[in-house]
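First up is the structure itself, then whatever we jot down about it.
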There are 2 protein chains.
Amino acid sequence: MKNKAIELLNSVSLRRTGPRLAILEALLNADAPLTQDQIADAIGDSAPNKTTIYRTLTHLVETGLVHEAFLENRSQHYELAHHCGKQCCHPHFTCRQCEQTHCLTGVSTPLVELPKGFSIQRQQIHIDGVCPDCRTRNKTKEIGQI
Amino acid sequence: MKNKAIELLNSVSLRRTGPRLAILEALLNADAPLTQDQIADAIGDSAPNKTTIYRTLTHLVETGLVHEAFLENRSQHYELAHHCGKQCCHPHFTCRQCEQTHCLTGVSTPLVELPKGFSIQRQQIHIDGVCPDCRTRNKTKEIGQI
DNA sequence: CATAATTTTGCAACCGGGTTGCATTTATCG
DNA sequence: CGATAAATGCAACCCGGTTGCAAAATTATG
Ligand SMILES: [Mn+2]
Ligand SMILES: [Mn+2]
Ligand SMILES: [Zn+2]
Ligand SMILES: [Zn+2]
């Protein structure tokens with residue numbers, strides 16, 4: 001993953017520094033959007049200062065490598081943009097029971113057709129409900145209660 | 001609008017108080033989701049304490065009268081739920097130039113078809129780009145420059 | 001290589017949206 | 001009206017995120 005991180009940094013001509021590589025690696029290993037806090041946790045003891053993480057993420061967003069994901073959570077989430085189309089990101093699903101967010105990279109996501117005069121730059125879809133794990137968990141519990 | 005507000009409060013059997021009526025009226029008059037701050041501004045001098053506004057909004061969301069809209073803004077927005085289907089809210093469009101948010105109540109919004117096992121409770125779509133006003137403003141500016 | 005110019009990083013202090021605890025006020029009902 | 005439960009206001013707090021500034025690391029220049 002380190003090679004991939006270096007490659008990504010080069011592709012947008014940002015200087016190759018320790019913090020940046022670590023943050024990119026964390027995002028490469030993630031399977032859902034991460035907050036600053038989660039990125040720091042993923043990196044561990046050698047994690048950069050939170051200010052550095054935020055500033056790095058800002059750079060990565062500006063270059064287009066990273067997208068901001070707007071989940072219902074109070075804090076901002078970030079993920080690599082490589083699963084997103086130019087105008088349409090893949091949808092995100094957040095489970096109301098376990099609070100986990102899933103990237104729905106497989107599903108087809110039609111663009112909303114905008115009224116005359118609006119020009120789109122990016123569309124994001126967020127869904128919440130109950131995830132497969134929690135559903136089966138609920139069912140087995142029900143059965144147990146009968 | 002005051003009658004409508006009273007009616008709404010009755011429909012969910014919440015006590016009829018000054019702050020609640022004022023907040024509902026503000027939401028009834030709005031044409032886009034509002035923050036606590038914007039609600040207070042809309043009400044003016046007689047606006048309730050911000051804690052009261054937040055607690056009222058929480059009540060209204062719990063009863064289903066009001067929805068939370070997750071815009072890219074750092075603060076939470078609220079709007080009446082009457083333009084939303086059971087599982088699918090109307091999309092919101094935020095202009096990157098003038099920062100204004102528009103409710104797209106007219107457009108058709110297909111539900112994403114979820115992978116096996118996921119059960120939906122609510123889908124929200126957010127789009128950003130340039131609004132009609134800003135687009136024409138840009139065009140006339142371009143012409144002026146030539 | 002030395003050193004000056006430029007970026008990047010870390011730290012502490014700060015900002016602002018939102019919440020909590022608690023005392024006071026108000027709505028509802030008999 | 002009085003009792004009771006709910007609603008309100010205020011101050012203090014929480015926490016995600018930002019800012020200013022000095023120290024460290026990179027890069028450019030002679
Ligand atoms: Mn994703
Ligand atoms: Mn709306
Ligand atoms: Zn779940
Ligand atoms: Zn605009």
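Keep in mind that this is a model prediction, so the values were computed, not measured.
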Checklist entry - Side chain of B:S13, backbone of B:N10: donor and acceptor closer than 3.5 Å? => result no
OP1, OP2 of [N] versus side-chain N and O of [X]: anything below 4.0 Å?
{"X": "B:Y54", "N": "C:dG18", "value": "yes"}
{"X": "A:N49", "N": "C:dC11", "value": "yes"}
{"X": "B:T17", "N": "C:dA27", "value": "no"}
{"X": "B:R20", "N": "D:dA7", "value": "yes"}

Next on the checklist: Reading DNA chain C from 5' onward, which residue's closest nucleotide shows up sooner: B:R55 or A:K50?
Outcome noted: A:K50
Checklist entry - Starting at the 5' end of DNA chain C, which residue's closest nucleotide do you reach first, B:T35 or A:R15? => result A:R15
Between [N] atom [atom2] and [X] atom [atom1], what is the distance in whole Å?
{"X": "B:L21", "N": "C:dT26", "atom1": "CG", "atom2": "P", "result": "16 Å"}
{"X": "B:L57", "N": "D:dA7", "atom1": "CG", "atom2": "P", "result": "14 Å"}
{"X": "A:L71", "N": "D:dG16", "atom1": "CG", "atom2": "P", "result": "15 Å"}
{"X": "B:R16", "N": "D:dT8", "atom1": "CZ", "atom2": "C1'", "result": "18 Å"}
{"X": "B:I43", "N": "D:dG9", "atom1": "CD1", "atom2": "C1'", "result": "15 Å"}
{"X": "B:D45", "N": "D:dG9", "atom1": "CG", "atom2": "P", "result": "14 Å"}
{"X": "B:L9", "N": "D:dA6", "atom1": "CG", "atom2": "P", "result": "17 Å"}
{"X": "A:I53", "N": "C:dT9", "atom1": "CD1", "atom2": "C1'", "result": "12 Å"}

[Y] versus [X], side-chain donor and acceptor atoms under 3.5 Å:
{"X": "A:T94", "Y": "A:T101", "value": "yes"}
{"X": "B:Q76", "Y": "B:E68", "value": "yes"}
{"X": "B:Q36", "Y": "B:H77", "value": "no"}

Checklist entry - Do B:V66 and B:L8 share a hydrophobic cluster, counting only Ile, Leu, Val, Met, Phe, Trp and Tyr and linking them when any side-chain heavy atoms are less than 4.5 Å apart? => result yes
Checklist entry - Contact class for B:T51 vs. all strands (heavy atom < 4.0 Å): base, sugar-phosphate, or nothing? => result base
